[in-house]
*Asks:* 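Structure below; questions to follow.
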2 protein chains.
Amino acid sequence: MKQRSSIIGSVEALPHRVASHLSREIEGGDIIPGARLPTESQLADKFGVSRNVVREAIAQLRADGMIEARQGVGAFVMAPEQRTAIRIDREALKDQRNMEQLFELRSILETESATLAAARCTSDDLDAIKAALDRMGGEERWEDGSIEADLLFHRAIARATGNSYIYTFISFVCEQIRQSIHYARLTNPLHDLVEVNVAEHVRIYDALAAHDPQAAGEAMRRHIDGAASRVGVELTAKINRGK
Amino acid sequence: MKQRSSIIGSVEALPHRVASHLSREIEGGDIIPGARLPTESQLADKFGVSRNVVREAIAQLRADGMIEARQGVGAFVMAPEQRTAIRIDREALKDQRNMEQLFELRSILETESATLAAARCTSDDLDAIKAALDRMGGEERWEDGSIEADLLFHRAIARATGNSYIYTFISFVCEQIRQSIHYARLTNPLHDLVEVNVAEHVRIYDALAAHDPQAAGEAMRRHIDGAASRVGVELTAKINRGK
DNA sequence: GATCATACGGTCATCCTACAACATAGCAAG
DNA sequence: CTTGCTATGTTGTAGGATGACCGTATGATC
C-alpha cells in the first residue's frame, strides 16, 4: 500500500476513523445542521485517504440519518432530532455524570419492565427467568459468567413484557453499561456485595412469580439503584414520586 | 452505466437496498449469529452490484454491530444483544401490534420524563415548554406546524430532565412514531380532538409549573394513552400499577 | 511419528480510474 | 421574459489492482 500521510490517529479501520471524526465535528457543532459537507474528493484529500474510504464513512453516517447525500449536489448534515438510529458514545460514558444519567434511564426502563412483566409473564417466561437466576446463584456465582447470567436475567424479564421494543432498548442500555464498567466488577468482587445482588434478584423473581406488579417494580428499582452504587455510580437527585 | 440484472427492488440507493436485504436475512434468522457471510465478491454477484456497493452496505451493518468483518477471514454476524445502535424498522411499524408496543414504550419514557422534569425543571425550561405550548394552541393550532410544535413540547420536557439519554431516546421514539402516523393526523384533523390534545398539554404544563411530579407523570400518561387512541392505536392490557 | 517453520490460497482493506446519473448555473434563442 | 441547451461540478456505481492478514496444508527437521 502506498504510504499516505493521515491527519488522524491509528488503531481503528480507516472508514471508522473518518466517520468518527466527521461525527464529532457534527456533534460538536463545528458543522451546523443544514450545512453542506466538503465534497468527497476534498474530504479524501483532507484525511489523506481514498474517496472510497470517505464514501464508506459517509455511508455509516447516512444510515444513522446524521447526514443526507443528494446525488449531484452534495452531502448535508441533518438536525439531531431526526436521526434514524440511537448510538451511545463509549467514550462519553467514562464521564461519571453520563454514566449516572444512563443508569437513571436504565432504572426507568427496568422498573417498568418488571412492572409489566409481573402482570403478563407466562409460566414459560418465569422458567426462563428462574433459569438465569439459578445460574447466577449457582456454581457460576463468583465466576465471570455471573455477569452474563445477570444480563440474561434482566433480558428474560424484558422479554416477558411481550414488548419487543422494551426488550431491545433494555438490552442495548444494559450492554452499553456492561462494556463500560466491566473492569469495575472485576476489580471489586466483594462477596458480600454479590450476596446482596443475588438476594435482590430473588426478591424480584418472587414478586414476578406472585404477579405483583407494584412489588416487582419497586424491587427492580431498588435493585438497579443498588447495582449502580455497587459499581460506584450514585444516582443523585432522587425525587418523590408520590407513591 | 452498464446494465446489470438486480434481484432486488428499486427506488432506494443500491447500498441501502443491499444492507436492508442482509439486515432482514439476519433479523429473520436466515443467518444465525456466529455464521459467516458469503464473501464480498459472492454478494456482489448475488445482488448484481459492484463490490464497492457491497462494502458500503457492510459498512453500515458493521457500524451497528450487526456484523463483524475480520480481515483475511470474512464477515460474521453478531448476536443481536451486542448491537452498538438501535434502529427501528419503519416497515414493521405498519403492523398495528408493533405500533402499540412502541406507544407503550413511549408512554413509559414520557411519563417518567414528566415526573423527573417536574422535580428538576428550571424557569428557563418552563419558558421553553410554554413557548412550544403557545405555538401549539396559537395560530398554528390546526396547521401542519402544530405537529412540529407538539414534538417540541415533548422534547422540551425531556430536556428539562437534565438527562441527555432520556432526551435522545424520547426524541428518537417520537420521531419514529411521527413519521409512521403522519398520514393519520392529516386525514383525521377533527377539531374537537385537537382541543382535547391542547387541553391535555396544558394540564401537563400546569403540573410541571407546580413542580408536582406525581401529577405531571399521571397527566403525561393519560395524554400519551389518549394520543395513541386518537391515531387509532389502542394500548391494550393496561395493568394495575398499585398507585 | 511428532513438531515446527514455511508456502500458499482465500479474504478483507485500500487505492485508483473511469464513467453514469443528477443538479445547478449560465447562456442563447425564441 | 421564458424556454431550452450546454457546461460544470457532485454523488453513484463499476471494475480492477495491490497490500495486509489469516488459516491451513505442506514439507523439513528432530
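Order of the sequence lines fixes the chain letters, A, B, ..., with proteins taken first and strands second; residue numbering starts at 1 for each chain. Side chains are part of it too, since the values below use all heavy atoms of this structure and drop only hydrogens, waters and symmetry mates.
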*Asks:* Using side-chain heavy atoms (C-beta onward) and a distance below 4.5 Å, is B:Arg62 in contact with B:Met78?
*Replies:* no
*Asks:* Any side-chain heavy atom of A:Phe103 sitting closer than 4.5 Å to one from A:Glu100?
*Replies:* no
*Asks:* Could you tell me if the side chain of B:Gln96 sits less than 4.5 Å from the side chain of B:Val233, heavy atoms only?
*Replies:* yes
*Asks:* Check this one for me: any side-chain N or O of A:Ser50 less than 4.0 Å away from OP1 or OP2 of C:dC15?
*Replies:* yes
*Asks:* Rounded to the nearest angstrom, tell me the gap between atom CG in A:Asp45 and atom P in D:dT10.
*Replies:* 12 Å
*Asks:* For a 4.5 angstrom cut-off between non-hydrogen side-chain atoms, does A:Gln101 reach B:Ser164?
*Replies:* yes
*Asks:* Could you check which residues of residues 60-68 of chain A get a heavy atom under 4.0 Å from DNA chain C? Sort them by number, please.
*Replies:* none
*Asks:* CZ of A:Phe76 versus C1' of C:dC22: gap in Å, rounded?
*Replies:* 13 Å
*Asks:* Ignoring the backbone of A:Val53, work out which of D:dT13, C:dT11, C:dC15 is nearest its side chain.
*Replies:* C:dC15
*Asks:* Taking CG from B:Leu14 and P from D:dT11, how many angstroms apart are they, rounded to a whole number?
*Replies:* 18 Å
*Asks:* Any side-chain heavy atom of A:Glu25 within less than 4.5 Å of one from A:Val77?
*Replies:* no
*Asks:* Please list each protein N or O that sits under 3.5 Å from an N or O in nucleotides 21-26 of chain D, with the distance.
*Replies:*
none

*Asks:* Once hydrogens and angles are ignored, does a donor-acceptor distance under 3.5 Å link the base of D:dG12 to the side chain of B:Asn52?
*Replies:* no
*Asks:* Do the side chain of B:Arg87 and the main chain of A:Ala63 share a donor and acceptor less than 3.5 angstrom apart?
*Replies:* yes
*Asks:* In whole angstrom, give the distance that lies between atom CD of B:Glu56 and atom P of C:dC15.
*Replies:* 14 Å
*Asks:* Can you find a pair of side-chain heavy atoms, one from B:Leu102 and one from B:Leu93, that are under 4.5 Å apart?
*Replies:* yes
*Asks:* Could you tell me how far apart A:Gln42 (CD) and D:dT10 (P) are, to the nearest whole angstrom?
*Replies:* 6 Å
*Asks:* Examine distances only and state if a side-chain atom of B:Ser113 and a backbone atom of B:Leu109 form a donor-acceptor pair shorter than 3.5 Å.
*Replies:* no
*Asks:* Taking salt bridge (charged side-chain N to carboxylate O under 4.0 Å, His left out) as the test, write out the residues that go with A:Arg51, two or more places apart.
*Replies:* A:Glu40
*Asks:* Over how many whole Å does the gap from A:Glu40 atom CD to C:dC15 atom P extend?
*Replies:* 14 Å
*Asks:* If I take atom CZ in residue B:Arg55 and atom P in nucleotide D:dG12, what distance separates them, rounded to the nearest angstrom?
*Replies:* 17 Å
*Asks:* Could you tell me how far apart B:Arg51 (CZ) and C:dT11 (P) are, to the nearest whole angstrom?
*Replies:* 11 Å
